[in-house]
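Below is one structure, written out as structure tokens; comments come after it.
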Amino acid sequence: RTLWVETTTHRYPIQIGSGLLQRLPSLLEEVGWTPERRLFVVTDTQVAPLYLKEAVTTLQQAGYTVGSVVFPAGESSKTLQTLEQMTGEALRQGLDRKSGILALGGGVVGDAAGFLAATFMRGIPFVQLPTTLLAHDSSVGGKVGVNHPLGKNMIGAFHQPDLVVFDVDTLKTLPSREIASGFAEVIKEALIWDETFVRWLEENRAGLMALDAARLVEAIAGGCRMKAEVVSQDEKESGLRAILNYGHTIGHALEAVAGYGQFTHGEAVAIGMVGEALLGERLGLTTNVSQRTQALIQSYGLPYQLPTTAEVDELLVAMRRDKKAAQGALTFVLPRGIGSVEIVKEVPEAAVRQVLTQLKGEGL
Ligand code: NAD
Ligand code: ZN
């Protein structure tokens, strides 16, 4: 299945299907990459033993010169230090302006390798090879970057890939917790954009959780299409693109307070969506979104409550520090109904407080 992302400056394909890693050379050729381009595969210690050799061999057989770098798996690797190490390795392996980077892995690899591509010699092209369900989201749209100790994704750039290749076969080795986490972003995309897609996710849960390839392609394509549409209309997040942050104001705060790694990104966003649905109801924007949201999230094996140890004050501080909080006012993406959201600025702190307390399990 092929989808296209179009921005004012870029147009690139997203390929989704089975067995695509073996077809990498021809997919690269379709976007104008040839073996004269030296390649540098970036991946992590979890993905490398599973797919690096296969990818490198396939490319070498097509005549490419391929180098690689492997960094420790996990969010804690998404740092400037990793960027510096990768840059050193790229330089030692002789990469230049005409080279290309392949990001083989989940969102961490995609964000870090994409940022390497954005900054290496002021920017070289790259291709996203997502291997987690969640990375269908992070690999599309061109946001790349690393974390700072004071906040997630605080150092970054916009750098669109030349191509995204999602080989759904790679999901077979993904731990079930990561699968569920990826579904959180698919659920998010459905909830903000398309009630029909929400219903499809409700009806196809069993097949999707069993990793039925045809359904997976459809779910990923649905998520990517939605993301591509939004990004096409607002590449640099001056307005509309911010709706993709549904669930993320609470989600990011939760990740920041609990410490990176306590929750997966998707789990934090899942809890965030339930919270922001409750907030929408509390502010009178909608009446009946939180129950269906919670049921859907729960049915995909995702958490929907804050840990009882979560401190409401700490979460509020983290939210104000989030880069989406303009001048300390709390901005949220809130539901108007299933399949539709709006951006609400200056949400009263008292309402947020009440919802966070409610999210700890009291009154849900
Ligand atoms: P991740 O990259 O850390 O992957 C999760 C874990 O799964 C890792 O341990 C990884 O090594 C392992 N893994 C990856 N593929 C595997 C496979 N096929 N089989 C077995 N194990 C595999 O995390 P993620 O959930 O993919 O992505 C989260 C990151 O994405 C966060 O840093 C988040 O900020 C970022 N993100 C970015 C955007 C964006 O627009 N740029 C959007 C959403 C999320
Ligand atoms: Zn996200």
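Every number for a ligand or one of its atoms is a count from 1 in the order of the listing. Sequential numbering from 1 along the given sequence is applied to the chain's residues. All of these numbers come straight from a predicted model, not from anything done at the bench. Below, all heavy atoms of this structure are taken into account, side chains as well, without hydrogens, waters or symmetry copies.
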Is there a nitrogen or oxygen of Thr173 sitting under 3.5 Å from a nitrogen or oxygen of ligand 1? yes
Lys152 to ligand 1: N or O pair under 3.5 Å? yes
Got an N/O contact under 3.5 Å between Asp137 and ligand 1? no
If we only consider heavy atoms of Lys188, is any one of them less than 4.0 Å away from an atom in ligand 1? no
Centroid-centroid distance, His159 to Phe115, less than 6.0 Å: no
What atoms of ligand 1 come closer than 4.0 angstrom to any heavy atom of Ala73? 9 (O), 11 (O)
Which residue owns the protein heavy atom closest to atom 38 (C) of ligand 1, what's the atom, and how far is it? Ser138 CB, 3.2 Å
If you draw a 6.0 Å radius around CD in Glu342, do more than 12 non-hydrogen atoms from other residues or ligands fall strictly inside? yes
Please verify whether a non-hydrogen atom of Thr170 lies at under 4.0 Å from ligand 1. yes
Verify the cluster assignment for Leu28 and Val165: are they in a single hydrophobic cluster under the rule of side-chain heavy atoms below 4.5 Å apart? yes
Check Leu50 against ligand 1 and report side chain, backbone, both or neither, counting heavy atoms closer than 4.0 Å. side chain
With heavy-atom distances below 4.0 Å as the criterion, list the atoms of ligand 1 near Lys227. 40 (O)
State whether the shortest distance between N or O atoms of Val144 and N or O atoms of ligand 1 falls below 3.5 angstrom. no
For atom 12 (C) of ligand 1, what's the nearest protein heavy atom and its distance? Gln46 CG, 3.8 Å
Less than 4.5 Å apart, side chain to side chain, heavy atoms only: is that true for Phe71 and Thr45? no
Pick from Glu178, Glu185, His252: which one makes a side-chain hydrogen bond (donor to acceptor under 3.5 Å, both in side chains) with His265? Glu185
Can you tell which part of Lys143 has a heavy atom less than 4.0 Å from ligand 1: side chain, backbone, both or neither? both
Starting from atom 14 (C) of ligand 1, which protein heavy atom do you reach first, and at what distance in Å? Thr132 CG2, 3.2 Å
Can you tell me the protein heavy atom closest to atom 32 (O) of ligand 1 and the distance? Glu75 OE1, 2.7 Å
Say whether Asp111, considering both its backbone and side-chain N or O atoms, lies within less than 3.5 Å of an N or O atom on ligand 1. yes
As an exercise, identify every atom of ligand 1 less than 4.0 angstrom from a heavy atom of Asp44. 10 (C), 11 (O)
Which ligand 1 atoms, with their elements, are less than 4.0 angstrom from a heavy-atom of Tyr51? 18 (N)
Ser181 N/O to ligand 1 N/O under 3.5 Å: no
Could you find the nearest protein heavy atom to atom 7 (O) of ligand 1 and give me its residue, atom name and distance? Leu174 CD1, 3.9 Å
With the Zn ion (ligand 2) as the point of reference, which N/O/S atom of Glu185 is the closest? OE2
Provide the number and element of each atom of ligand 1 under 4.0 Å from a heavy atom of Asn153. 34 (O)
Numbered atoms and elements of ligand 1 in range of Gly106, under 4.0 angstrom, heavy atoms: 2 (O), 26 (O)
Which protein heavy atom lies closest to atom 28 (C) of ligand 1, and at what distance to 0.1 Å? Leu134 CD2, 3.7 Å
